[in-house]
Amino acid sequence: MPGLSGMTGALAIAGVSKRFKTKATTVQALDNVSLAAAPGEFVCLLGPSGCGKSTLLDIIAGLTAPDTGTVFADGEPVKGPGRHRLVMFQDSALFPWLTVFGNVMFGLKLVPDLTSARRTEIAMEHLRMVGLEGFARSNIHELSGGMRQRVAFARAMAPDPRILLMDEPLSALDALTREQLYADIQRIWMARRKTILLVTHNVREALCLADRVVLMSASPGRIQEVFAVDLPRPRDVNGLDVAEMAGRIMTALRVHLAPGTAR
Amino acid sequence: MKRVAIAAAFFAALLAGWQLLVMRGGFSPVLLPAPLDVALYLQDAWRDGSLTTATAVTGRRLLLGYALGVAIGLPVGLLSATRPFVQDTIGILALGLQTLPSVCWIPLALLWFGQTEGAMLFVVVMGTVWSVIIATETGARNIPPSYARAARTMGSEGFHKWTRVILPASLPYLISGMKQGWAFAWRSLMAAEIYVTILTGFGLGHLLHYGRELNAMDQVIGIMLTIVAIGLLADKALFAPWERFLHRRWGTGAP
């Protein structure tokens, strides 16, 4: 697995802009956004809804083309989707016509040069990693929201992508389930050291998970401030250190989002 | 088991009611034959082979026309969901023609193809294809966009995406559309067989028609029961397994 070496997964976003035209108006979703992530770094994009953070994730995934600027993954310009950059969606996007195992196998089957025995092995390994090996034959509708996101996590991790993109994967879950997943994501990230870009509007979530928190503002979508988070891991989302830093970021958020400051 | 017993009791009561009505008298046997007479007719028709031959003829026409209708309707429906050009042309045509009762195709089929198997086939295909197109299009349009996005990031493009993602994702709509297509095909074929006499094969519709001409009401009711039985059987054999699959995987019967 190349990802285990930690040598790949570098991400560079260079001057990316994107505007959306509707009948009524033109929205500058992203305005000259530049950002870099080192291999194995956990970066959170934090901002209010409409600040273009999901659009940025789409552009990195190769699902949307930027108007200007380029995204480089391991030095290569991104021209379309590719299995080295996998996405976890808010609604899990698990395929209901497949079992849990079938869903994890979907991406694996598209990875060349693996024997089917090895694929099965990897799929089960990843289901074990998220604690759902007993649910391999279950149907998606039988799972709770938290279990679905675990399966989605396993599905995205199984093909061993270099970069994992997470689009508010936990925002639809209840608080208890979410806290459990914070612990799991941290544990798995510490073991596997993938480059992860997570989009969220939850300050504590960002601080609980990220090495760096990138604060974005809306219309035009811009990077306002970047916070390095060097709290010891594993972190507790309810911990005092997280709460203290959350206070500082909330203050910064208010400044950047106050009317008249965003130009 | 209890539900089977309830269903059996219901149909037994229905038959008993029918028999009582006949025994009470007042109805001409030409208009209302006894259940036993109908059973005797079915037994005779089975023995002399007219029922089995007619069923085989009708079944062949139906399966051929239906298969052709699905084979055309499925890809056209998918195209219509993704290509605005196809949607604005064939899509609108399908929407319009779907509202046309398939019996209305019979005069045209007769003029174009004469009293041939071709006319039969044409009517069945016309009965099937439009509703399959509409259902496929609706199904493909209603797929959550994140399915296709997730699939694309995992490297599923083109043919793989269509067959492994779009098609299975629209399955709930597809099954109900194919079921509707089947019902339309069955109805249109019966209408065609009743109206059109062709010499290349006597189907169930023909037997029904001649039953009326001969005032043989036992034959008419017997054939009607056969048609109902085949419809039920086809539903169970063709669609029930798919519906069980939908129920198991999606947790519902249909969208």
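So you know, we letter chains A, B, ... as the sequences are listed, proteins then strands, and number each from 1.
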More than 12 heavy atoms from other groups under 6.0 Å of CH2 on B/Trp242: no
When rounded to the nearest 0.5 angstrom, what distance separates OG1 in B/Thr153 from CD1 in A/Ile60? 13.5 Å
Taking side chain as everything from C-beta outward and backbone as N, CA, C, O, which of these in A/Leu98 sits under 4.5 Å from a heavy atom of chain B? Side chain, backbone, both or neither. backbone
Once you round to the nearest 0.5 Å, how far does NE2 of B/His247 lie from CG of A/Asn139? 10.0 Å
To check you understand the geometry: which heavy-atom pair defines the closest contact between B/Ala150 and A/Arg155, and what is its length? CB-NH2, 3.7 Å
Euclidean distance, A/Phe106 CZ relative to B/Arg164 CZ, rounded to 0.5 Å: 8.0 Å
Taking every non-hydrogen pair under 4.5 Å, which of B/Arg248, B/Arg149, B/Arg152, B/Glu157 racks up the most with chain A? B/Arg149
Of A/Leu63, A/Asp58, A/Val87, the largest count of non-hydrogen pairs under 4.5 angstrom with chain B goes to A/Leu63
Would you mind checking which part of B/Ala148 comes under 4.5 Å of any heavy atom in chain A, side chain (CB onward), backbone (N, CA, C, O), both or neither? neither
Give me the atom names and distance for the closest heavy-atom approach of B/Tyr147 to A/Phe95. O-CE2, 3.6 Å
Crowded around B/Phe239 CZ? As in, over 12 foreign heavy atoms under 6.0 Å? yes
Counting heavy-atom pairs under 4.5 Å with chain B, the top scorer among A/Gly82, A/Pro159, A/Ser92, A/Ala156 is A/Gly82
Assess the residue pair A/Leu108 and B/Met154 against the criterion (side-chain contact (heavy atoms from CB on, under 4.5 Å)); give the C-alpha distance rounded to whole Å, side-chain angles, the decisive distance to 0.1 Å, and a yes or no. CA-CA 8 Å; A/Leu108 274 173; B/Met154 286 186 278; over 6 Å; no
Would you find more than 12 non-hydrogen atoms of other residues, nucleotides or ligands less than 6.0 Å from B/Met224 atom CE? no
Counting only heavy atoms not in B/Arg187, do more than 12 fall under 6.0 Å of its CZ? no
At a heavy-atom separation under 4.5 Å, does A/Ser138 approach chain B through its side chain, its backbone, both, or neither? neither
